[in-house]
Structures are given as structure tokens and as C-alpha cells.
There are 2 protein chains.
Amino acid sequence: MLKTLEPTQETFQQFEKKYKALADAKRLEILHLVQKHSSVCVCDLAEMIDMPQSKLSYHLKLLLEAGYLTVKKKGTWNYYSIHDEELNNVLSPELCCLFRNEDKC
Amino acid sequence: MLKTLEPTQETFQQFEKKYKALADAKRLEILHLVQKHSSVCVCDLAEMIDMPQSKLSYHLKLLLEAGYLTVKKKGTWNYYSIHDEELNNVLSPELCCLFRNEDKC
DNA sequence: TTTATATATCAAAAAAAATTGATATATAGA
DNA sequence: TCTATATATCAATTTTTTTTGATATATAAA
């Protein structure tokens, strides 16, 4: 059908969560760094961004819960990567360039 | 030049502000309602969204400062409208449909 | 001029989010 | 097995954001 459905309260709440995760300079920097390195473990990232580990883990958790990151465990290390589809759903194409490597950028 | 510039701390802070403004279900609803009505005054909007006027003015201020809205004064009334360009800069095309009327939606 | 209405803003209180330091768990390597 | 490292999580504190009710300002209408 062609008709646009009226967004519900729930819709707005879902986007609130998505945007809240992006509403922090440090988390945006984290996303950018993760993108740049494709896959990074917490300790390396903590060094790059100069942030205490527990703090970083907190921010990673928010980004993860919002769907912007994925994790893979390797031994004691947790490697984080960008979840492109989720980011693309939310960000304008111009902004995606900040968080993805694309030919067109 | 073709090379992508590294984003600075300042860049991330600017986007933090942009996303913060969107990181609230009520503000998203406000944006949607303003879009739907093209141009609305505070008192009408307050009724539509069932929100005390001072609270609404607070949220309108944040959206205005983030650049997503414009105001026009007519007598005692302040009419708010969507600032499309700003929204488009930040939102994915799919999301813009929530806040704009477009042929393709 | 007086009265009523629309709006923004302010200060105080409440609520939510972020930071910190400590600790628990799991794994790798000696 | 023992030790060291990577990570997540927790409780307490601090910071930021939101809400509330009151008030000031401006305009319109009587």
C-alpha cells in the first residue's frame, strides 16, 4: 500500500534510543575509530582514545545496544566492528562517510 | 582534493549537539507534528501534544538551536516550521519521511 | 487604558546519564 | 597450578538534562 502510516509513540521511542547513542562526541569518535580499524579490541581502543577501560566499556555497551556495533570474542579479547546496516538506516549518506569507507567518499 | 579529512574533536561535538536534539521521543514527535502542519504556533502545538507550554517552549528551543526549526512571529504568536535542509543533512532519506512530505514517500 | 492571551525565561527540584574506582570472571601463558 | 591480562559490571558520586510552577514581556482586543 502507498499510504504512509502514522508513526506511533513506540516509533519515536525507538528512534530516541538510536539517537541517544549518537548524542555524545566520545561515542561518535569511538564509532569513527572502530570503522577506521575495521575491528578493534577494547584495550587497543582505550589507548587510542585515551579513556579508562570501564568508561569505554560503558560507551561500547550503549552503542552495541543501539545496534551500531557488533562484537566477536577471541580469547580474552573482545573485538568490536561497525554494524553498517544499522548506521545506514539512521544516518544521512554524507554522514555515513564519517563511519564507513566508501568508494564514493 | 579527493582525500577525506580526518574529523576533528570539534566535528564530533557539533554532531553531538545535532543528535542530542533528536534524542528524545517528545522532540521527535514535535518535529513530526510541525512537519505535518507546515507551520504551527506554540499554543496549538501544546494542545496537540498535550504538554505544558513552558515545557514545550523548552523543547522547541533545543530544536531551534540545533537548526531543525525556524520561527516566524505574527502578533503574539510564534509559528514554527521545519528547516528541511538541516534535517536532510543529518537524517537518512527513509527517516526524512517521518518529518517531511515527499513524493517518493 | 485595562484586560486577556501567547510566549519565553528563570530558579528550584527531580530525573537521567556519565564517571569513577573496585571487583569479579574468564582466558592465556608460565 | 599460579599469575597476569582483558573485559564487563557494580555501587557511589558527579554532572547534565528535564520538569515544574511562577513570572515577565509583548501584543491584541475591549
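Letters go in sequence order (proteins before strands), and every chain restarts at 1. Please read all numbers here as calculations on a predicted model, not as lab measurements.
- At whole-Å resolution of the value, CG in Asp44(B) and P in dT5(C) are 15 Å apart.
- The Ser57(A) side chain lies nearest to dA8(D) when the options are dT20(D), dA8(D), dT19(C).
- Heavy-atom distances to DNA chain C give each of Asp24(A) and Leu60(B) a nearest nucleotide, and the one nearer the 5′ end belongs to Leu60(B).
- Here ring-ring contact (aromatic ring centres under 6.0 Å, His included) pairs that include residues 22-46 of chain B, with residues two or more places apart or in two chains, are Phe12(A)-His32(B).
- Looking at residues two or more places apart in sequence or on another chain, you find no side-chain contact (heavy atoms from CB on, under 4.5 Å) involving Glu47(B).
- Here Lys26(A) pairs with Glu29(A) under the salt bridge (charged side-chain N to carboxylate O under 4.0 Å, His left out) rule; sequence neighbours left out.
- Lys72(A) places its NZ atom 16 Å from the P atom of dT7(D), with the value rounded to the nearest Å.
- With rounding to whole Å, Met48(B) atom CE is found 14 Å from dA6(C) atom P.
- At most 12 heavy atoms of other shown residues, nucleotides or ligands fall within 6.0 angstrom of atom CD in Glu10(A).
- In this structure, of dT19(C), dA8(C), dT7(D), it is dT19(C) that holds the atom nearest to the side chain of Lys55(A).
- Atom C1' of nucleotide dA6(D) and atom CG of Leu56(A) are separated by 12 Å, given to the nearest angstrom.
- Residue pairs meeting the ring-ring contact (aromatic ring centres under 6.0 Å, His included) criterion with at least one member in residues 65-88 of chain A, sequence neighbours excluded, do not occur.
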Kindly list each side-chain donor-acceptor pair under 3.5 angstrom involving residues 50-67 of chain A, sequence neighbours excluded, with atom names and distances?
from: Gln53(A); atom 1: NE2; to: Ser57(A); atom 2: OG; distance (Å): 3.1
from: Ser57(A); atom 1: OG; to: Gln53(A); atom 2: O; distance (Å): 3.4
from: His59(A); atom 1: ND1; to: Arg27(A); atom 2: NH1; distance (Å): 3.0

Quick tally for nucleotides 22-30 of chain D: nucleotides whose base has a protein heavy atom under 4.0 Å get B, sugar-phosphate-only ones S, the rest -, giving B---BBS--
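- Taking 4.0 angstrom as the limit, His59(B) places none of its side-chain polar atoms (N or O) nearer than this to OP1 or OP2 of dT17(D).
- The stretch residues 11-21 of chain A participates, sequence neighbours left out, in these salt bridge (charged side-chain N to carboxylate O under 4.0 Å, His left out) pairs: Glu16(A)-Lys20(A), Lys18(A)-Glu86(A).
- Taking Thr76(A) as the reference, nothing meets the side-chain contact (heavy atoms from CB on, under 4.5 Å) condition, with sequence neighbours excluded.
- Listed pair Tyr80(A) / dA8(D) meets the phosphate criterion, a side-chain N or O lying under 4.0 Å from OP1 or OP2.
- Across all their heavy atoms, Ser81(A) and Ser38(A) have their closest contact at OG-O, 3.1 Å.
- Residues Met51(A) and Cys43(B) both approach DNA chain C. Their nearest nucleotides, taken by heavy-atom distance, put Cys43(B) toward the 5′ side.
- Leu45(B) has its CG atom 10 Å from the P atom of dT7(C), to the nearest Å.
- Spacing between atom CG of Asn78(A) and atom P of dA28(C) amounts to 12 Å, rounded to whole angstrom units.
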Heteroatom pairs (N/O) under 3.5 angstrom, protein to nucleotides 13-17 of chain C:
from: dA17(C); atom 1: OP1; to: Lys20(A); atom 2: NZ; distance (Å): 3.0

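- Look at CD on Glu29(B): it is 16 Å from P on dT18(D), rounded to the nearest Å.
- Distance, Leu22(A) CG to dA18(C) P: 12 Å, rounded to whole Å.
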